[in-house]
Amino acid sequence: MNVSIFEMPLDFGASRHGSDMGPSAIRLAGIREKIESLGHTINSYMTPISINPQEYESVGNPRAKYLEPITKACQTLAGEVYHTAESGDFPLVLGGDHSIALGSLAGMGRFAKEKHKRLGVLYVDAHGDFNTDETSPSGNIHGECLAASCGYGLKELTDLYYEGVKIEPQNVCFVGTRDLDSGERELMKKAGVTVFSMSDIERHGFPAIVKKIIVFFKSHADIVHVSFDMDVLDPMFAPGTGIPLPAGLTNREALLLMEEMADTGLVRSAEIVEVNPVLDVRNQTAILAVSLAARLLGEKIY
Ligand SMILES: [Mn+2]
C-alpha cells in the first residue's frame with residue numbers, strides 16, 4: 001500500500017498548548033521507518049501548510065477560539081486528504097489537536113460522496129467532541145469537530161471545504177468514551193451516533209466490544225476513517241496528551257482494536273491526534289502512537 005503522511009502542527013483547538021509539536025515527536029519516534037518496515041511505500045511526507053504557532057495568531061471570538069486559522073489549515077488538509085484518497089493512497093494525518101479532524105473528514109467525506117460509498121468513522125476518544133458553539137463550555141474547537149462534521153454548529157465549520165454534512169452521524173461509532181458535557185450528550189443522542197463507553201467495556205469486556213464495532217462497520221460503512229485521540233488511553237500509558245483522564249483503555253486494548261480494524265479491510269484513512277510532547281515522559285506517547293499506526297496498517301506479531 002502507498003501511504004501519504006500529513007503533519008498538522010496545529011494546536012489552536014485546545015486550551016493546553018503543545019500538541020503542535022506532536023508531529024515532530026511522532027516523526028522522531030520513527031513513524032516513517034516503522035511503516036516502511038511493513039512493506040508499504042511512503043509516497044509523500046510533508047507538512048501540507050505552514051501553520052503559525054498559536055502565539056502569533058489572535059484568539060478571535062471567545063465562543064469559537066482561533067476559528068480563522070483552524071478553518072484555513074483544515075481547508076488545505078481536506079484537499080490533500082481528498083486527492084490522496086482519490087489516487088488510491090492511504091492518508092495518515094498526524095496531529096495536532098483534534099480540530100484537524102475537520103479537514104480529514106471533509107476530504108474523506110468528499111471522496112466517499114463522489115464514489116457513492118458510505119463513510120464510517122471510528123472515533124476513539126475519551127471525549128465526545130460533539131459540542132457546538134452553543135453548548136461548548138470552553139469555546140475550544142477541538143471539542144466541536146465531530147459535531148461540525150456531522151452538520152451541527154457554526155456554518156464556518158459545517159460548510160468547511162464543501163457545503164453540507166461530511167459524515168452521517170448514524171455511521172459514527174465511538175469507543176472509550178468517558179467524559180461528556182451535558183449538551184453534547186444530548187446532541188449525540190439526537191444525532192444517533194453509536195457509543196461504546198468505558199462502562200460498556202467494563203461491563204462486557206473489551207473483546208466483545210471489538211466484535212460489536214466490527215459488526216457495526218460491516219453493516220454501516222463501505223469505507224472507514226479511524227480518528228484516534230491519544231487521550232482515550234489511560235494516562236499510565238499515554239501521559240503526553242492535553243486532557244488526560246483516568247480509567248482509560250490500556251495499550252494492549254488499543255493495539256488489539258487497531259489490529260482488528262485492519263483485518264476488516266475497510267479502513268482507508270486515519271489520524272492520530274493530541275500527542276503533546278510538553279506533557280510527555282520520554283516520548284512514550286509518541287512511541288505508542290507509532291505502534292498504533294503500525295497495527296492499523298497491518299502489522300502482525302506472528
Ligand atoms: Mn478528541
Side-chain angles (χ1 to χ4, degrees), residues 8-20 22-23 26 64-66 70 73-74 77 93-106 108 121-133 135-150 152-153 157 160 166-167 169 172-181 183-185 187-188 191 193-198 225-235 237-249 254 257-258 269-276 279-280 285-286 288-289 292-293 296:
M8 286 294 281
L10 179 152
D11 72 353
F12 303 124
S15 47
R16 295 194 68 176
H17 295 286
S19 66
D20 58 323
I26 300 172
K65 297 172 186 164
Y66 301 104
I70 290 174
C74 286
L77 178 65
V93 185
L94 308 178
D97 72 58
H98 219 154
S99 62
I100 64 170
L102 289 160
S104 325
L105 288 173
M108 289 311 290
V121 172
L122 177 63
Y123 210 75
V124 195
D125 199 320
H127 308 94
D129 298 352
F130 223 82
N131 273 298
T132 65
D133 55 314
T135 65
S136 171
S138 66
N140 290 327
I141 288 176
H142 73 158
E144 301 176 19
C145 56
L146 188 54
S149 302
C150 289
Y152 301 97
L157 300 178
L160 189 128
K166 311 302 187 281
I167 165 89
V172 173
C173 179
F174 283 86
V175 62
T177 322
R178 57 190 184 279
D179 183 24
L180 297 173
D181 299 314
E184 72 177 333
R185 185 188 294 110
L187 185 56
M188 284 162 74
V193 299
T194 294
V195 178
F196 296 112
S197 69
M198 282 313 295
H225 172 81
V226 173
S227 191
F228 197 105
D229 189 321
M230 291 303 284
D231 70 22
V232 79
L233 288 146
D234 193 280
F237 306 104
T241 193
I243 312 180
L245 265 179
L249 292 187
L257 176 63
M258 293 299 100
S269 55
E271 69 212 326
I272 301 187
V273 302
E274 305 280 359
V275 168
N276 188 330
L279 307 166
D280 208 2
T285 307
L288 180 52
L292 291 164
L296 188 62

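Since the structure is predicted, the reported quantities are computational estimates derived from the model, not experimental observations. Whatever order the structure lists ligands and atoms in, that order sets their numbers, starting from 1.
In terms of distance to the Mn ion (ligand 1), the nearest N, O or S atom of D229 is named OD2.
Residue E274 does not count as close to the Mn ion (ligand 1), with no N, O or S atom under 2.8 Å. Residue H98 counts as close to the Mn ion (ligand 1), with an N, O or S atom under 2.8 Å.
With values rounded to the nearest 0.5 angstrom, S197 atom OG is found 12.0 Å from F174 atom CZ.
A distance below 6.0 Å separates the ring centres of Y123 and H98.
Considering the Mn ion (ligand 1) as centre, the angle to OD2 of D129 and to OD2 of D125 is 90° (10° rounding).
Judged purely by distance below 3.5 Å, without hydrogens or angles, the side chains of T241 and N276 never pair a donor atom with an acceptor atom. Between the side chains of H142 and E274, at least one donor-acceptor pair of N or O atoms lies under 3.5 Å.
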